[in-house]
**Student:** 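The structure follows.
Below, chains carry the letters A, B, ... as their sequence lines are ordered, and counting in each starts from 1.
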Protein chains: 2
Amino acid sequence: MAEETSPLKVALLGAGVVGSQVARILSQEAESLRQRIGRPLELVGIGVRRLDVERPGIDPGLFTTDVHGLVTRGDLDLVVEVIGGIEPARNLLTEAMNAGASVITANKALLAEDLARLSATAKKNGVDLYYEAAVAGAIPIIRPLRESLVGDEIRAVMGIVNGTTNYILDQMTTNHLSFDVALRQAQELGFAEADPTADIEGKDAAAKAAILAGLAFHTEVHSPEVFCEGISSVTEADIQAADQMGCVVKLLAVAKLADDDRVIVKVHPAMVPKTHPLASVSGAYNAIFVESVEAGQLMFLGQGAGGAPTASAVMGDVVTAARNRVRGTAGHLGTGYTKREVAPIGDATSRYYIRFQVEDKPGVLAKCATIFGAHRVSLQTCQQSYLEGLGRTDGFTAELNFMTHDAREQDLQDVVAALREAPFIGDSIDYMRIEGK
Amino acid sequence: MAEETSPLKVALLGAGVVGSQVARILSQEAESLRQRIGRPLELVGIGVRRLDVERPGIDPGLFTTDVHGLVTRGDLDLVVEVIGGIEPARNLLTEAMNAGASVITANKALLAEDLARLSATAKKNGVDLYYEAAVAGAIPIIRPLRESLVGDEIRAVMGIVNGTTNYILDQMTTNHLSFDVALRQAQELGFAEADPTADIEGKDAAAKAAILAGLAFHTEVHSPEVFCEGISSVTEADIQAADQMGCVVKLLAVAKLADDDRVIVKVHPAMVPKTHPLASVSGAYNAIFVESVEAGQLMFLGQGAGGAPTASAVMGDVVTAARNRVRGTAGHLGTGYTKREVAPIGDATSRYYIRFQVEDKPGVLAKCATIFGAHRVSLQTCQQSYLEGLGRTDGFTAELNFMTHDAREQDLQDVVAALREAPFIGDSIDYMRIEGK
């Protein structure tokens, strides 16, 4: 049989920050891509919402607003989707696969909602569905979870998967900025969007946590099942308290397997010991820390966002899907065979830091400790300090700082509720989860 | 078509530290492996050199010394080779592939000698050849290089890929031990072999460097092409000097693409700035740092050796190869299309640290600086200190410490040779390469 040398036809959906980089690489690296794949790639069209936008360096003849027509033209080998959002992306990817194309997507929101159905569509059509760029940008994490660690049992995945919040927390820690000032700085530098809600409130990280949890534990996890708490209420006092305890504050996406085989999946600010590999991940970098039974601890570090890094991950998938196509096959889609249940957040366990002010009277510490004990929360450390010099006039002149042993989230919440009722305790009760040893 | 449910037949070659763990996981995780693959795996035989060895927990009926007969029985789906060394491993793997089995190997020495030929044999037979465990144990690095980063252009790979030497250098740094004491301690703790030569002299790391360089740059690289310098001549003075310069000493495996498109591949102790991600990789951990055009900087961290971690990597390959078999396909074997030349070590460039003693007389510093300039080596920093208080009587009572800008290795060697000829310079001239910014 003569070797097939005709080009593989590629359609690109979206020409924004990532899409424009994908188009550039497809053109600039055409020859090395051809050698790696065995056949050339031909970009046959770019689906966009509007044509009246300046997009320098890309052949204007490629753009079309008839995106539906583009993905259903019937001769496509690969469709790369970098438009984001649920619709029309879901519909376009489904149509593309039904028309026989393998698809590559960076769409975390869609995957966190509908990965199982998209996988089923890929399987039915014998095509590939790859999405390395959807989590942690350039960092290879999807393929390691899907393939490299598939012979092992993953126990926990903890990630710094949002560069915006990592940058803000970093600035609060290093330069002692308030949250508001650090956010404004991040916006001025382009590290945060004009509307930063999805990042700040942890929604972006929650979608990634859902994808990671599903892959790690061979089950289906959806965004709404992820407990989610953002960083907007992290104060300078929290950052200082963390520092005094030998920790830094990070927004973590956490997926753990509980002892009863249920899945814990959550996003929240956490104190991380400075000696933990995740603690030194600074600025706009992302990192994923994995604990498995056989391999032990692993960490993957790299740039989590940006056009070129994300395009690197997209292009890895493009080459892999194209090689599969050349050989007339498709990659394995992973499995969701375990049907594990997602546990309610009340059943999650971690250590906690908790801080509040009390009346400086005999017996107060004992009463506080009794409240913890009554809710099965065991204390690891306790520190009392005096606030009189700070000019407090509300009578709550002593401060207590506790660190607990591993405790159930619900038990800790019950402790906080009980502390709020106690007349000898001030109004402000601050606590934070501690992750990592 | 009814779904095939008969087992995939697996043969294991070797039942040592890694092999015994592979056998344990195959038995212990049989059910989850079946669910991930779609068909059960059946361990049909374990090839060993001797039968009179106690191997608890493994069915004694599986062992055979007729390893040739085992791999050629004709009905094998997968052969896992963890015996190491060139022969008989090469012959057995070749026979296994010719008999139609996909092969998984952790054999760095063999791959660094013969990867191209083994790949050709795999391709001819339409079977898989996977070797994630051959480099950096549990860390997924082969698959990321072969697939995740295959749409990008890698510029450099730098790795801490030998746990023994990393442990020894760590002890020398942290506990101020001499090389000899640190080595003895590593042997007592089981972190170093009774004959540690391959680790200490960098040969183990050189094989891994060859494999990494070949994958990163799509070419063939063999062990003998790797410049190799071990750690046995690293002194406490070197470690201290590194510390004073804000660096730590690490044994690095380095593969870089030079400006003229040739490949630099080398193993040597190097000073690494403490702010570099590789600097904090301590103890028996391994890490691979990758720089690519689009993705930027990436790092992969994890346990680089040990039975269970290495078995984790082997099992990931086993599941992937088994899934391919179930679907009647084989994975892509990577490409060596670039035919890039390996540059001689004299053409490698890096920054250098260099230290020697001089006569404390006017004009000596100028003469030294002139020697550097005459060989095109540009100086970045210079520090002079006095040794008189240390009771020196040889007349060389001043010490000079230089750090250079990027310089060619050959130019630096010429500088060292010229310095040795100079009558105003003492006998001991120490230098070390500096890698990482």
**Student:** Pick from Arg146(B), Arg36(B), Arg143(B): which one makes a salt bridge (Lys or Arg N to Asp or Glu O under 4.0 Å) with Glu147(A)?
**Tutor:** Arg143(B)
**Student:** Tell me which of these, Val318(B), Leu149(B), Ile25(B), has more heavy-atom pairs under 4.5 Å with chain A than the rest.
**Tutor:** Ile25(B)
**Student:** Counting only heavy atoms closer than 4.5 Å, note whether His218(A) contacts chain B via side chain, backbone, both or neither.
**Tutor:** side chain
**Student:** Compare every heavy atom of Gln303(A) with every heavy atom of Gly296(B), then report the nearest pair and how far apart it is.
**Tutor:** CA-NE2, 3.7 Å
**Student:** Given the options Ala138(B), Ala295(B), Gly302(B), which has more heavy-atom pairs under 4.5 Å with chain A than any of the others?
**Tutor:** Ala295(B)
**Student:** Grab the two heavy atoms, one from Glu294(B) and one from Ser312(A), that are nearest each other, plus how far apart they are.
**Tutor:** CB-CB, 3.7 Å
**Student:** Looking at Ile139(A), Asp152(A), Val290(A), which one has more heavy-atom pairs under 4.5 Å with chain B than the rest?
**Tutor:** Asp152(A)
**Student:** Please look at Phe289(B) and chain A and tell me whether the side chain, the backbone, both or neither of the residue comes under 4.5 angstrom of a heavy atom of that chain.
**Tutor:** neither
**Student:** Could you tell me which non-hydrogen atom of Leu33(B) sits nearest to which non-hydrogen atom of Gly151(A), and how far apart they are?
**Tutor:** CD2-CA, 4.4 Å
**Student:** Give the member of Asp317(B), Val319(B), Val281(B), Ile37(B) that has the highest number of heavy-atom pairs under 4.5 Å with chain A.
**Tutor:** Val319(B)
**Student:** For Val150(B), is it the side chain, the backbone, both or neither that has a heavy atom under 4.5 Å from a heavy atom of chain A?
**Tutor:** both
**Student:** Can you say whether Thr310(A) sits under 4.5 Å from chain B via the side chain, the backbone, both, or neither, judging by heavy atoms?
**Tutor:** neither
**Student:** With a 4.5 angstrom heavy-atom cut-off, which part of Glu29(B) approaches chain A: side chain, backbone, both or neither?
**Tutor:** side chain
**Student:** Does the side chain of Gln28(A) reach to within under 4.5 Å of the side chain of Val293(B), using non-hydrogen atoms?
**Tutor:** no
**Student:** If you count heavy-atom pairs under 4.5 Å between each of Gln35(B), Gln21(B), Met315(B) and chain A, which one has the most?
**Tutor:** Gln35(B)
**Student:** Does NZ belonging to Lys274(B) count more than 12 external heavy atoms closer than 6.0 Å?
**Tutor:** yes
**Student:** Need one label for Ser280(B): side chain, backbone, both or neither, based on atoms under 4.5 Å from any heavy atom in chain A.
**Tutor:** neither
**Student:** Of the non-hydrogen atoms in Glu132(A) and Ser148(B), which two are nearest, and what is the gap between them?
**Tutor:** OE1-OG, 4.1 Å
**Student:** Taking all heavy atoms of Ser32(B) and all of Glu153(A), pick out the closest pair and write down the distance.
**Tutor:** OG-OE2, 3.3 Å
**Student:** Ignoring hydrogens, what is the shortest heavy-atom contact between Arg327(A) and Gly331(B)? Give both atom names and the distance.
**Tutor:** NH1-C, 3.5 Å
